[in-house]
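What follows is a set of notes on a single structure, which appears directly below.
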Amino acid sequence: MTLRSPAVAVAAAVLALVAGCAVGPDYKTPDTPLPVSWKLEEPWRLSTPSDSADKGPWWKRFDDATLDTLQAQALAGSPTLVIANARLAQARAALASNAASQYPQLGLGTRASRLKISANRPLTNYATANASTVQNDFTVSLNASYELDLAGRVQRTVEGASASAEQSAADLANTRLLLSADVANNYFNLRSTDIELDVLSRSIGLQRRALELVTARHDLGAVSGLDVAQQQALLETTLTQVDVLKKQRSQYEHALATLTGTPAPNFALPVDLREIKPPAVPLGVPSEILQRRPDVASAERAMAAANAQIGVATAAFYPSFIISPTVGVDSRLIESLFNGPSLLWSVGVSATQMLFDGGRVRANVDFAKAGYDATVGNYRRTVLTAMQEVEDGITGLSALDSATTQAQSAVTAARRVLDMATSRYEGGASTYLDVITAQQSLLTVERQAAQLQGQRLLTSVFLVKALGGDWCGADATGATPSSCPTAVADRSAKAG
């Protein structure tokens, strides 16, 4: 139950007006404990990104024209981006609508009528008989209405709408970042699959030649049919892997079609085996995540909007005052409509104070406070997730750099083993099983090396996304300005 004295409420409202503040808590960003620096592993080292510059198209760091084209198509034709843009437009329209409540509302009204008064209408004076008349009525009036925002309800409403509009802008930026990351991920997966298919193609060529060799030796009676069967089984297994990888490539291609707003049957990408090297990524300090990541900015603006709703709900405890002046002219003759005697006006003030509502207003305030607490929890979770993703990207790239170097050494060693096994078999010093084992080992390590290259690219995209996008603006051609910091040179040199 809510029962408040009107006099007390009016006095409180006047005090609020004099103090020049709105009811409800003023917004303050909650403290979020952040580490001083990232937990870096060799060969990483700290560098400072240029956060004041426009972030620009981060994918141009990979120097791939096909990826640039796909990103441009996605930004121009993605339905997901259209939805995010429409939501931002709605939020800005809502802000404009709420902001209009701070100003008087003006309306112009006109009326022209001809009417007949009944002679048999009820008498207003028993000494005077009624008469029937026919006359005109012309009216022009200007009406105004203005709410005195004593408790700050309108102010808090505008604050909330402004924060919501800024949240929608951050959501749009986050949608763009996620969209561009999805395009890059699917593109790099497709390119990695192409490299794996090339590895399989070269292995199939090697295995076919080996099958021809062992078949010829079998025809000469030098080896048994078991050697031929083993080589044939290995070849068939490799051909099966090709079919599986082609299916995966088609799925990546179809995903890119959807992301770029193109029907899947009309979309195709040719095979491209060029090597792509991931760029060096400057890390900066952990606190920069709060300014760089659009999802963190969105969560913070959601807190501001929810905090404003507490003030809106609290304002319902206080009376509302609306001033409604009207000025106009009224006449039965059109030629005398704007004469002095035709003038009419009124000034009115209406006040409304809730005396009893069964606890509805208090429940609304509690609801708004709980909503704010939920946004605080979501903000802290978003920040913690950001910290986790950056650390995952750092450790992931460090591990993949080392693994890639080891994989290249393994490929070199596997090729040497295959040459030795083939020579020993041709010389009769070993069985063909040694050759089969060497071929399988070479295929495995070559595919692993190709997969690691793809994982390095994907992890680079993941880290760029975790850091909130690009770190320095690009010029009109997409080139990196000379003033843009090049960070983590040790990792870049090692990766090369």
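Side-chain contact check for V271 versus L273: some heavy-atom pair is nearer than 4.5 Å. Residues T29 and Y379 are in side-chain contact: their nearest non-hydrogen atoms beyond the backbone lie under 4.5 Å apart. With a 4.5 Å cut-off on side-chain heavy atoms, Q71 and P57 do not count as touching. Using a 4.5 Å heavy-atom threshold, the side chains of L70 and L269 count as touching. Side-chain contact between L245 and R447 is present, with heavy atoms from C-beta onward closer than 4.5 Å. Looking at heavy atoms from C-beta onward, Q105 lies out of side-chain contact with Y146 at the 4.5 angstrom threshold. You'll find the side chain of P25 reaches within 4.5 Å of the side chain of I310, heavy atoms only. At a threshold of 4.5 Å between non-hydrogen side-chain atoms, the residues V417 and S441 do not count as touching.
With rounding to the nearest 0.5 angstrom, the CD atom of Q453 is 9.5 Å from the CG atom of L400. Q439 contributes atom CD, which lies 8.5 Å from atom OG of S203 (distance to the nearest 0.5 angstrom). Summarising the geometry, atom OH belonging to Y187 is positioned 12.0 Å from atom OG belonging to S192; distances are rounded to the nearest 0.5 Å. In this structure, E212 CD and Q231 CD are separated by 10.5 Å, a value rounded to the nearest 0.5 Å. The CZ atom of R92 lies 10.0 Å from the CD atom of E166; values are rounded to the nearest 0.5 Å. With rounding to the nearest 0.5 Å, the separation of CG in D68 from CG in D63 is 8.0 Å.
Taking a cutoff of 4.0 Å between a charged side-chain nitrogen and a carboxylate oxygen, D419 and R415 do not qualify as a salt bridge. Taking 4.0 Å as the cut-off between side-chain N and carboxylate O, R156 and D26 count as a salt-bridged pair. R274 and D64 are joined by a salt bridge, as a carboxylate oxygen and a charged side-chain nitrogen come within less than 4.0 angstrom of each other. D401 and R456 are joined by a salt bridge, as a carboxylate oxygen and a charged side-chain nitrogen come within less than 4.0 angstrom of each other. For the pair R249 and E253, the salt-bridge criterion is met [side-chain N within less than 4.0 Å of a carboxylate O].
With sequence neighbours left out, the side-chain contact (heavy atoms from CB on, under 4.5 Å) criterion links T238 to L200, I204, Q207, L234, L443. With sequence neighbours left out, A169 forms a side-chain contact (heavy atoms from CB on, under 4.5 Å) with L88. Taking the ring pair (Phe, Tyr, Trp, His ring centres under 6.0 Å) definition, one finds that F188 meets it with F62, sequence neighbours left out.
Here the shortest heavy-atom pairing between A299 and T382 reads CB-OG1, 4.0 Å. The two residues A305 and A163 have their closest heavy-atom pair at N-CB, 3.5 Å. L75 approaches L81 most closely through the heavy-atom pair O-CD2, 3.3 Å. Minimum heavy-atom separation, L95 to V158: CD1-O, 3.8 Å. Shortest non-hydrogen contact noted between A257 and A264 is CB-CA, 3.7 Å. The shortest non-hydrogen separation linking L259 to S78 is O-CB, 3.5 Å.
For the 3.5 Å distance criterion, the side chains of Q451 and Q455 fail to qualify, holding no donor opposite an acceptor. With no hydrogens or angles considered, a side-chain donor-acceptor pair links Y27 and E300 at under 3.5 Å. Looking at Y252 and N185, their side chains never bring a donor and an acceptor atom within 3.5 Å of each other. A donor atom on one side chain and an acceptor atom on the other are found under 3.5 Å apart for D171 and S298.
Distance alone, capped at 3.5 Å, is enough to place a donor-acceptor pair between the Q102 side chain and the A99 backbone. With T237 contributing its side chain and A233 its backbone, the two residues share a donor-acceptor pair below 3.5 Å. Of the possible polar contacts, none joining the N307 side chain to the M303 backbone as a donor-acceptor pair under 3.5 Å is found. Formation of a donor-acceptor pair under 3.5 Å by the H218 side chain with backbone atoms of V214 is not found in this model.
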Report the C-alpha separation of E275 and R191 in whole Å, then their side-chain angles, then the decisive distance to 0.1 Å, and conclude whether the salt bridge (charged side-chain N to carboxylate O under 4.0 Å, His left out) test is met. CA-CA 9 Å; E275 181 183 1; R191 290 287 299 272; over 6 Å; no
Go through the steps for V435 and R424 under the test side chain to side chain contact (heavy atoms under 4.5 Å, CB included), then give the verdict. CA-CA 9 Å; V435 178; R424 286 174 58 82; over 6 Å; no
From CA spacing to verdict: side chain to side chain contact (heavy atoms under 4.5 Å, CB included), K246, V242: CA-CA 6 Å; K246 285 183 176 179; V242 170; 3.7 Å; yes
Under the salt bridge (charged side-chain N to carboxylate O under 4.0 Å, His left out) rule, what do D198 and R202 come out as? Steps first, then yes or no, please. CA-CA 6 Å; D198 180 65; R202 288 186 281 106; 3.2 Å; yes
Stepwise side chain to side chain contact (heavy atoms under 4.5 Å, CB included) test for T412 and R416: CA-CA 6 Å; T412 302; R416 187 165 58 250; 4.1 Å; yes
Verdict with supporting geometry, K247 and V244, side chain to side chain contact (heavy atoms under 4.5 Å, CB included): CA-CA 5 Å; K247 174 180 175 295; V244 173; 5.8 Å; no
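Just one residue in the list I394, L397, T395 forms a side-chain contact (heavy atoms from CB on, under 4.5 Å) with T459, and that residue is L397.
Within a 6.0 Å radius of CG in D272, more than 12 heavy atoms belonging to other residues, nucleotides or ligands are found.
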